Amino acid sequence: MRIDPWASTQYKDYNRLREDFGIQEFKFEMPDPHKLFRRGVIFGHRGFNSVYSAIKEKRKFAVLTGLVPSGPMHLGHKMTIDQTIYYQSLGADVFITVADIEAFGVRGIGFEKAKEIAINEYVLNYIALGLKPCQIYFQSKRKNVTDLAYKLGRKTNLSEMRAIYGFNDSTNMTHIFAPLIQVGDILHVQLDEYDGPRPTIVPVGVDQDPHIRFARDIASAHRLFNVTETKDKKIGVFVKTDENVNKLLDGAEKTLKNMGYADLKKIPKYKAMYILGAAKSDTEKIDESLISVEKKFGGYAFYPPAATYQRLMTGLTGGKMSSSEPESAIFLSDAPKDAVKKVKNSKTGGAVSLEEQKKHGGKPDECSVYELLIYHLVESDSELEEIYSKCRSGERMCGKCKKFAAEIIEEFLKKLKEKRESAKDMMNDYVVDE
Ligand code: TRP
Ligand code: SF4
């Protein structure tokens with residue numbers, strides 16, 4: 001099986017996804033965690049340790065996420081921004097890419113149209129939701145991104161891209177190039193101009209995992225050192241280039257000594273250094289410490305970009321929440337009364353009749369209204385737990401839940417609309433020209 005970032009697949013079995021794709025379970029204890037973390041909506045990650053250390057040690061880190069300007073913003077999209085706002089509150093530098101090249105290549109949307117959708121549908125809502133000033137840029141306008149995509153493309157090839165994305169002979173070339181642009185998005189925040197190299201977190205839906213793996217592969221292909229455990233269980237540092245080998249090894253030696261590794265065996269002939277007395281679990285830390293050495297010798301010295309994966313929201317009609325099916329989604333620009341109607345018509349985990357439900361209870365785990373409450377509408381965990389157990393025990397009926405959810409949504413959308421109005425004057429603090 002392959003994850004296709006451009007298909008609308010509804011994933012259900014997240015444990016299986018983690019196992020099949022080697023995604024790690026997200027178990028970090030975040031400071032003052034946002035509800036999406038508390039409630040396991042963020043179910044997995046790749047490489048989050050580097051970001052976690054940065055958060056703990058109050059070092060700078062970057063958040064990079066993106067939007068495809070092809071349709072209206074719905075509650076599923078809101079989750080990424082909720083996380084971004086949370087990271088911003090922890091001190092992250094935020095970058096958001098408007099994937100207009102992707103929208104053009106994959107969906108045929110023109111650049112002017114893309115800009116209009118991005119600003120009116122997304123950026124205004126981001127600000128209304130509480131995003132503080134940051135850099136929102138367009139793929140097509142940021143030369144550092146497109147240039148980087150070009151340059152990084154040297155270390156991949158068509159057969160790798162086919163294996164990851166399933167491209168075939170009739171895939172158009174802009175589409176084929178789009179993933180490299182996305183890698184450009186993800187890694188450009190580590191260039192000097194953007195205060196890199198530094199840990200970077202990319203919050204996304206799990207459908208984006210192929211791009212994350214691709215970005216991590218390309219980042220590592222551009223590193224000058226490779227740190228791995230050798231067959232005889234030593235940690236080895238290997239220089240991957242033929243230039244400056246001795247200087248790189250000297251630099252690594254100095255850094256490792258500073259870290260407290262006293263027993264080092266340098267073998268320039270093999271372009272290698274062995275660290276005696278290091279554990280396999282130190283590999284990541286050692287690898288990161290060598291980034292600063294690499295940087296002095298002209299390497300990109302990328303931190304492997306980290307990602308967190310959030311569950312995809314179930315649509316109100318039971319399938320995927322999708323812009324192409326308006327009844328399935330609540331759009332942030334929906335008129336409040338339309339949203340209320342959608343909630344009232346939505347699929348719940350209720351039984352066939354009230355009698356039945358009183359007797360056997362409802363199924364909150366299969367209920368799109370309950371999902372709205374978890375992901376968006378209820379802040380208090382204890383309130384949520386009470387609703388859950390009252391549903392299970394048959395004390396609570398769906399009518400009550402729907403009314404409850406509808407009221408919160410209505411209020412939320414009304415306020416959001418007002419905030420969007422005042423956000424119109426604030427564009428310059430967010431959208432950058434290049
Ligand atoms: N492909 C992403 C999507 O479909 C949009 C995107 C483009 C993106 N560049 C990115 C997301 C970089 C995260 C990071 O939603
Ligand atoms: Fe869902 Fe509420 Fe009905 Fe339970 S009572 S199934 S949580 S709508």
Side-chain angles (χ1 to χ4, degrees), residues 47 49-51 53-54 57 59-62 143-157 160 180 183-200 213-306:
N49 301 51
S50 65
V51 176
S53 308
E57 292 158 20
R59 278 183 283 120
K60 275 288 182 189
F61 66 105
K143 199 166 174 337
N144 281 324
V145 166
T146 45
D147 279 0
L148 190 62
Y150 248 116
K151 291 178 190 161
L152 299 180
R154 265 189 73 90
K155 290 218 195 277
T156 183
N157 57 39
E160 189 182 353
L180 271 169
V183 174
D185 283 325
I186 292 173
L187 294 178
H188 91 284
V189 299
Q190 294 203 56
L191 299 175
D192 291 330
E193 291 96 309
Y194 304 93
D195 293 339
R198 59 178 164 179
T200 307
R213 273 181 287 145
F214 191 41
R216 288 170 64 84
D217 283 352
I218 289 192
S220 107
H222 285 83
R223 289 289 307 273
L224 303 181
F225 288 113
N226 177 24
V227 182
T228 54
E229 192 184 39
T230 59
K231 277 195 204 106
D232 51 351
K233 305 271 177 215
K234 285 200 277 286
I235 301 298
V237 174
F238 302 94
V239 176
K240 290 167 34 180
T241 79
D242 291 325
E243 283 157 50
N244 295 317
V245 176
N246 286 315
K247 285 184 190 158
L248 281 164
L249 285 176
D250 290 346
E253 186 174 32
K254 210 168 139 200
T255 303
L256 292 167
K257 285 229 161 100
N258 279 340
M259 285 173 81
Y261 295 106
D263 211 350
L264 303 171
K265 200 167 159 208
K266 194 163 60 174
I267 311 182
K269 193 169 59 173
Y270 297 151
K271 304 201 285 184
M273 178 151 58
Y274 297 95
I275 313 170
L276 305 155
K280 188 172 181 215
S281 54
D282 295 349
T283 321
E284 215 171 340
K285 198 175 71 192
I286 293 170
D287 189 51
E288 273 180 24
S289 72
L290 298 178
I291 285 174
S292 59
V293 179
E294 241 176 84
K295 194 67 198 151
K296 289 190 201 124
F297 294 94
Y300 281 114
F302 293 128
Y303 281 77

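As the structure is a prediction and not an experimental result, all values here were calculated from the model. What you see below is based on every heavy atom in this structure, not just the backbone, and it leaves out hydrogens, waters and symmetry mates.
Considering Lys240, Arg223, His222 as possible partners of Glu294, the one that fulfils the side-chain hydrogen bond (donor to acceptor under 3.5 Å, both in side chains) test is Arg223. For the side-chain contact (heavy atoms from CB on, under 4.5 Å) test with Val227, the passing option among Ile286, Ile275, Asp282 is Ile286; the others fail.
Atom CD of Glu57 has more than 12 neighbouring heavy atoms from other residues, nucleotides or ligands inside a 6.0 Å radius.
Residues Lys295 and Asp192 form a side-chain contact, since some pair of their non-hydrogen atoms from C-beta on lies under 4.5 Å apart. In this structure the side chain of Ile186 never reaches within 4.5 angstrom of the side chain of Phe302, judged on heavy atoms. Lys60 has its side chain out of reach of Asp195: every pair of non-hydrogen atoms, C-beta onward, lies at least 4.5 Å apart. Using a 4.5 Å heavy-atom cutoff, the side chains of Pro305 and Leu187 are in contact. Counting heavy atoms from C-beta on, the side chains of Tyr261 and Met273 never come closer than 4.5 Å. Taking the side chain as every heavy atom from C-beta outward, Asn244 and Val239 never approach each other to under 4.5 Å. Thr156 places none of its side-chain heavy atoms less than 4.5 Å from the side chain of Val183. In this structure the side chain of Glu288 never reaches within 4.5 angstrom of the side chain of Pro199, judged on heavy atoms.
For the residue pair Leu249 and Pro268, the shortest heavy atom distance occurs at CD1-CA, 3.8 Å. The minimum heavy-atom distance linking Ala306 with Val51 is given by the pair CB-CG2, 3.8 Å. Listed here is the closest heavy atom pair of Ala252 and Val293: N-CG1, 4.0 Å.
With hydrogens and angles disregarded, a donor-acceptor distance shorter than 3.5 Å links the side chain of Thr200 to the backbone of Arg198. Using modelled atom types, one side-chain atom of Thr283 and one backbone atom of Lys280 make a donor-acceptor pair closer than 3.5 Å. Counting only distance, with no hydrogens or angles, the side chain of Lys271 and the backbone of Thr241 share a donor-acceptor pair below 3.5 Å.
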Q: Just do the side-chain contact (heavy atoms from CB on, under 4.5 Å) check on Glu243 and Phe297 with the steps written out, would you?
A: CA-CA 9 Å; Glu243 283 157 50; Phe297 294 94; over 6 Å; no
